[in-house]
Each structure stands twice: as structure tokens, then as C-alpha cells.
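In this chain, residues are counted from 1 in sequence order.
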Amino acid sequence: MQPISQIINQDGTIKENASLDLSKVELLKIYRTMVLTRTLDTKMTSLQRQGRIGFYLSSLGEEAISVGTSMAMNDKDWFFPAYREQGAALIKGVTLTHIISHLMGNSNDEFKGRSLPGIFGSKKSKFIIPSAPVGTQIPHAVGAAFAAKLRGDKVATIVYFGDGTTSSNDFHSGLNFAGVYRAPTVFICKNNQYAISTPFSKQTGAESIAIKAESYGFEGVRVDGNDVLAVYLATKAAAEKARNGDGPVLIEALTYRLAPHSTSDDPTRYQNPDDRASWIKKDPISRFRVYLEKNNFWNTHDEQELQKTVEIEVNNAVKTSEQFSRPALKTLIEDVYSEIPKSLLDDFANLENHFSDNSST
């Protein structure tokens, strides 16, 4: 079995041979974004239960992967997320209002309410919108990386997916293409032990996900996905390798999905409560906070102030997002054709007449 890379021990100390290049400001940015991500997840789950948004996919317990990987990439790199990359989006500069407006499907939503909630991106942040079927973002990420290579751009792409996605055709075709053409792609498998209700033990006969990279001719590594510094260092090394023309890397980040698959799921029907209790003790935010405290970068007062601040930020973003109206009705037929066909315009006119007739009765 391949070794699992780890930097932060459970007691907050770090490995003696660990070499970090992060400043105090950057370390605190990592911690703050992890806390903000969890606060956002908690608030959005609450809004869904209240009927104020329709659906939500939480990243509870997986914050170290999203935040740690994104901190390791640069501004020229392209992100191809799955649907638990809230932390990466925030690191990339995507605003809370952008995310929440998308979840509400209002007129401020970049996708005009036409995307499944939680399946979001941002054009200006090079954060490409995924789709609901798992794995479709993998060939896109590899294709973009190959295009950059052909252009001579020192750019890497990073693509996220879960352990369940490794059973999809897109995973295999994407990794095979990347291996053959040495595409500068960093593959991030968030092995959170479940593909909805299917446990990892029933997902593959291989001893790990990382080992699959060998069959495609490139490196695969395993990392403690609840150790944000280990995730950061593994991703940074992989991205540098990719940009330098030395091929792709598959990173298997081991973690546990502490939240339901979505707000439509009940994990108590299939998760082992003992496993869950064990993984809660490995919480990535608590673990990183202990590290910061041991290095005198953080204290109880700082924690109290941060909790207040991020709560206010999320609440204000919710209030702002709720002030936007619904998307205009005409957006239903926009953005597909350069010139809207007459048949579609006729159908839309009938729809307008329908609403007009109903409003007058």
C-alpha cells in the first residue's frame, strides 16, 4: 500500500522534515477560509430547510482539500470543480454573494437560474462550471491543459472528483489521454469514503485510487485529506511538475463526508456511526487550529472574533442576495443561439400570452 503523506500530527505538531513556504498571513488566510466555508455550508443547509433555497451540497469535513489545493495553484491556472469546492472558489476570489445568488437562482446569478444549485462556477475566476453527471469535468480539464501545452503556456489545470467518479468512463478516458500526451493536469480525488450511499469498499478492487495512475503512465500519490498543509504541499509539487512539462499527477486525498451527500440524503441509513465518530476526531479545522495555537499564531480571542465576523459576512451576503429579483422570463431562450429561431420566438410569445392571460383573471 502506498504511504499517506501527512504534515500535521493530531496534536498540532508538524513532522520534523516538513518544509513550509507559507507566511503567517497565508496560514491565517487558509484557516479563515476553511472556517468561512463551514459557516457558509451551515447557513445554506439551514436556508434549504427553511425553503429559501432548493438544494445544497455541503463540504463539511472536506474543507482542507478544497482550500489547501487552491492555495497551491496560481492565478493563471484553471479550475474544474465537482460540487464541493466552495473553499476553492472563495480562495479564487468568488464572492459569497455570487455563490448564494446562484443557489437562489436570482437575476444576479451568472447562470440565470438555469444550473442545478451547487453546480456553479465563475467566468472571471477561471472556475469552470461542472455538470451534475459525475466525471464530465475531467476530459474538459485535460483538454484545456493539452491546449495550454500546445500554445506553450506554462499553465496547469486542476480537476476535482470523488471516489465514485473513478468508476466512470470519463475518469479512465481523461487519465489515459493525460498520460499519453503528458497534459499538465493535477487530478484531485476526494476519497470521502462514499459515492452517495456506495462505500469505497464496493467501488474498486484496487488497493487505492492513487495506484491507478500507474496504469496510465504517471505518478499517483496519497495524502491525508484532513491535513491542509499536506494537501497544499502535495498539490504545489504536482502543479510545478505539470507546468514544467513532466506530466500529470493524481492525488488521492483521504477524508470523510461528515454531511449528507446533499440536503436530499439521509446518511444515517448507510454510514457506520462508529466510523463517523472516529473521523469527527480528525476534523481538519480543529486540527489546523491547534497547529496555529502551538505556533502562537492564534488564540481564543482570535477565534471568537473570527466566528462573529464570518457569521456577519454570510448573513449580509444572504440579505444582499435576497434583494435581487428573479431572472427575466426572456432568459429562458437566450444564450443558445446567436440568432433566436422564429419557432422558439413563437413558443416564447405563447408563453408570455399564457402568463398575461392568467394575470388578468
Side-chain angles (χ1 to χ4, degrees), residues 26 29-45 47-48 53 55-106 108-132 134 136-138 140-141 144 156-162 186-188 190 192 225 228 231-232 235 239 253 255 257 259 262-263 284-285 310 313-318 320-321:
E26 290 171 320
K29 179 181 180 180
I30 289 173
Y31 183 69
R32 187 186 191 285
T33 307
M34 290 171 70
V35 172
L36 179 59
T37 301
R38 183 165 295 187
T39 303
L40 173 66
D41 282 351
T42 302
K43 185 68 173 181
M44 293 305 101
T45 300
L47 291 190
Q48 192 280 332
I53 63 173
F55 183 78
Y56 193 67
L57 294 142
S58 174
S59 62
L60 183 67
E62 302 176 30
E63 297 90 351
I65 300 173
S66 187
V67 174
T69 54
S70 55
M71 280 293 292
M73 307 302 287
N74 66 37
D75 292 339
K76 293 182 179 180
D77 297 328
W78 289 77
F79 282 63
F80 291 80
Y83 38 69
R84 299 185 201 279
E85 276 62 73
Q86 294 91 317
L90 292 170
I91 288 288
K92 288 286 290 179
V94 179
T95 66
L96 289 170
T97 301
H98 178 100
I99 295 172
I100 297 171
S101 289
H102 155 73
L103 294 166
M104 293 180 175
N106 60 36
N108 188 54
D109 176 22
E110 186 174 346
F111 312 105
K112 304 177 183 179
R114 297 180 300 203
S115 175
L116 179 70
I119 311 296
F120 70 93
S122 172
K123 297 174 187 175
K124 67 179 182 180
S125 298
K126 298 181 180 177
F127 203 81
I128 308 303
I129 183 172
S131 61
V134 298
T136 56
Q137 69 275 19
I138 297 177
H140 299 162
T157 64
I158 182 168
V159 58
Y160 300 83
F161 49 90
V186 180
F187 299 95
I188 304 294
K190 301 170 294 177
N192 63 14
V228 69
V231 171
Y232 165 79
T235 307
T255 185
R257 201 188 71 221
S262 74
T263 47
I285 295 180
V310 297
E313 283 185 33
V314 173
N315 287 337
N316 286 343
V318 170
T320 299
S321 300

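Screening residues 84-97 for salt bridge (Lys or Arg N to Asp or Glu O under 4.0 Å), with sequence neighbours left out, gives Glu85-Lys190.
A donor-acceptor contact closer than 3.5 angstrom is absent between the side chains of Thr45 and Ser58. Using a 3.5 Å distance cut-off with no hydrogens or angles, the side chains of Ser101 and Asp109 do not pair a donor with an acceptor.
Here the closest heavy-atom approach between residue Tyr160 and residue Ala82 is recorded as O-CB, 3.5 Å. Closest approach of Pro284 and Gly61 over heavy atoms only: CG-O, 3.6 Å. The shortest heavy-atom contact between Leu57 and Gln86 is O-NE2, 2.9 Å. For Ala317 against Leu96, the heavy-atom pair with the smallest separation is CB-CB, 3.6 Å. Nearest heavy atoms, Phe111 versus Ser122: CZ-N, 4.4 Å.
With respect to the salt-bridge test (charged N to carboxylate O, under 4.0 angstrom), the residues Glu63 and Arg38 qualify.
With sequence neighbours excluded, the residues forming a ring-ring contact (aromatic ring centres under 6.0 Å, His included) with Tyr31 are Trp298, listed by chain and number. Val159 pairs by the side-chain contact (heavy atoms from CB on, under 4.5 Å) definition with Phe80, Gln137, Ile138, Ala141, Phe161, Thr185, Phe187, not counting sequence neighbours.
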Is there a side-chain contact (heavy atoms from CB on, under 4.5 Å) between Lys126 and Asp77? Walk through the geometry before answering. CA-CA 8 Å; Lys126 298 181 180 177; Asp77 297 328; over 6 Å; no

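Annotation: the span from Leu40 atom CG to Ser59 atom OG amounts to 8.0 Å, rounded to 0.5 Å. Atoms CZ and CE, from Phe79 and Met73 in turn, are 5.5 Å apart once rounded to the nearest 0.5 Å.
The aromatic rings of His102 and Phe120 lie tilted to each other, with the angle between the two planes from 30° to 60°.
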